[in-house]
Amino acid sequence: EQQEEDTLRELRLFLRCVTDRLILDRRFKAFSKPVDKEQVPDYLTVVRHPMDLSTVLSKIDRQKYITVREYLHDVDQIWENALEYNPEDDPYDRQIRHRACALKDTVHAIIKDELKEDFERSCEQIKETR
Ligand SMILES: COC(=O)[C@H](Cc1ccco1)c1ccncc1
């Protein structure tokens, strides 16, 4: 009912606010758009579930996330893919892995600091009843 729609609207506002801050962070530029399949032809053979911050924003607007847990599943996919595709012990791969680890720690710290537990609980409750 209307209270549920109010909760999901507030969730979308919170998730856009978090995602916009990640997109503005220069360290995360490589994560802001899909990896270009033409430039990196073997990317899809290694990474089974590509994800990036612009796709996350689009999913927020298309109301694909009912809980913060679902949002974090996609953001975690972004940095996990980077660790998987860039494993070499060279400065180029080490730099993207360092940025992937920063993305992971940044998003989880923001959620821990800014998400109220009972707000996520009410989102999970809505998810269960659907
Ligand atoms: C999330 O971004 C990536 O995994 C690409 C992979 C990639 C390799 C070559 C071109 O792009 C990347 C971009 C920038 N610096 C390192 C790796």
Side-chain angles (χ1 to χ4, degrees):
E1 75 278 13
Q2 194 47 46
Q3 286 87 327
E4 289 192 354
E5 288 320 304
D6 292 345
T7 300
L8 296 181
R9 187 174 310 106
E10 185 174 351
L11 174 68
R12 290 194 294 275
L13 289 171
F14 172 69
L15 296 182
R16 283 192 199 94
C17 169
V18 175
T19 309
D20 287 345
R21 284 144 68 186
L22 299 174
I23 285 177
L24 284 173
D25 191 318
R26 293 199 338 255
R27 293 174 298 172
F28 307 144
K29 185 166 173 38
F31 308 121
S32 59
K33 291 284 180 350
V35 171
D36 187 332
K37 316 290 180 263
E38 272 86 65
Q39 278 178 9
V40 195
D42 75 329
Y43 190 74
L44 285 184
T45 67
V46 176
V47 171
R48 289 298 175 202
H49 304 287
M51 189 47 64
D52 69 281
L53 294 170
S54 69
T55 302
V56 166
L57 270 185
S58 164
K59 287 183 73 171
I60 293 167
D61 293 347
R62 291 182 290 134
Q63 309 198 12
K64 301 296 184 184
Y65 303 123
I66 310 284
T67 65
V68 174
R69 186 198 311 270
E70 291 171 340
Y71 167 84
L72 280 176
H73 182 269
D74 274 354
V75 177
D76 285 345
Q77 194 71 66
I78 297 172
W79 58 263
E80 287 165 2
N81 291 343
L83 298 185
E84 184 181 5
Y85 187 77
N86 305 283
E88 303 309 323
D89 192 19
D90 65 58
Y92 186 78
D93 283 20
R94 267 202 301 269
Q95 180 186 65
I96 188 78
R97 292 204 304 274
H98 182 70
R99 289 167 169 172
C101 295
L103 175 64
K104 167 173 68 81
D105 293 339
T106 302
V107 72
H108 285 270
I110 290 174
I111 300 298
K112 182 178 192 306
D113 180 40
E114 300 180 17
L115 175 68
K116 296 193 193 81
E117 277 174 25
D118 62 348
F119 182 80
E120 173 63 359
R121 260 199 297 275
S122 52
C123 293
E124 300 274 0
Q125 192 59 41
I126 294 171
K127 186 164 184 293
E128 276 158 28
T129 64
R130 293 201 173 187

Could you tell me the separation between the [atom1] atom of [X] and the [atom2] atom of [Y], rounded to the nearest 0.5 Å?
| X | Y | atom1 | atom2 | value |
| --- | --- | --- | --- | --- |
| E80 | M51 | CD | CE | 11.5 Å |
| E120 | R69 | CD | CZ | 6.5 Å |
| T55 | K64 | OG1 | NZ | 12.5 Å |
| I66 | E128 | CD1 | CD | 12.5 Å |
| W79 | D105 | CH2 | CG | 8.5 Å |
| I60 | D20 | CD1 | CG | 8.0 Å |

Looking at [X] and [Y], what are the two nearest heavy atoms and their distance?
| X | Y | result |
| --- | --- | --- |
| D61 | R16 | OD1-NE, 2.7 Å |
| T7 | C123 | CG2-SG, 3.9 Å |
| P50 | Y43 | CB-CE2, 4.4 Å |
| L22 | F28 | O-CD1, 3.5 Å |
| E88 | D93 | N-OD2, 2.9 Å |
| I126 | T129 | O-OG1, 2.8 Å |

Common cluster, [X]/[Y], ILVMFWY with side-chain heavy-atom separation under 4.5 Å:
| X | Y | value |
| --- | --- | --- |
| I23 | Y71 | yes |
| V56 | V47 | no |
| I78 | V35 | no |
| L57 | V68 | yes |
| I111 | L53 | yes |

Worked verdict on D74 versus Y65 for side-chain contact (heavy atoms from CB on, under 4.5 Å): CA-CA 10 Å; D74 274 354; Y65 303 123; 2.6 Å; yes
Indicate yes or no: at least one non-hydrogen side-chain atom of [X] is less than 4.5 angstrom from one of [Y].
| X | Y | answer |
| --- | --- | --- |
| H108 | V75 | no |
| K59 | R62 | yes |
| F31 | I96 | yes |
| Q63 | L8 | no |

If the threshold is 4.0 Å, N to carboxylate O, is there a salt bridge linking [X] and [Y]?
| X | Y | value |
| --- | --- | --- |
| E4 | R130 | yes |
| R9 | D6 | yes |
| D76 | K104 | no |
| E70 | K127 | yes |

Q95 and R99 side chains, donor-acceptor separation under 3.5 Å: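 Indeed, the side chains of R99 and Q95 share at least one donor-acceptor pair under 3.5 Å.
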Enclosure of K37 NZ (heavy-atom neighbours >12, cutoff 6.0 Å):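 Enclosed: over 12 neighbouring heavy atoms sit under 6.0 Å from NZ of K37.
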Verdict with reasoning, D42 to Y85, per side chain to side chain donor-acceptor pair (under 3.5 Å): CA-CA 10 Å; D42 75 329; Y85 187 77; 2.4 Å; yes
Expected output: side-chain N86 to main-chain A82 donor-acceptor under 3.5 Å: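 Answer holds: yes.
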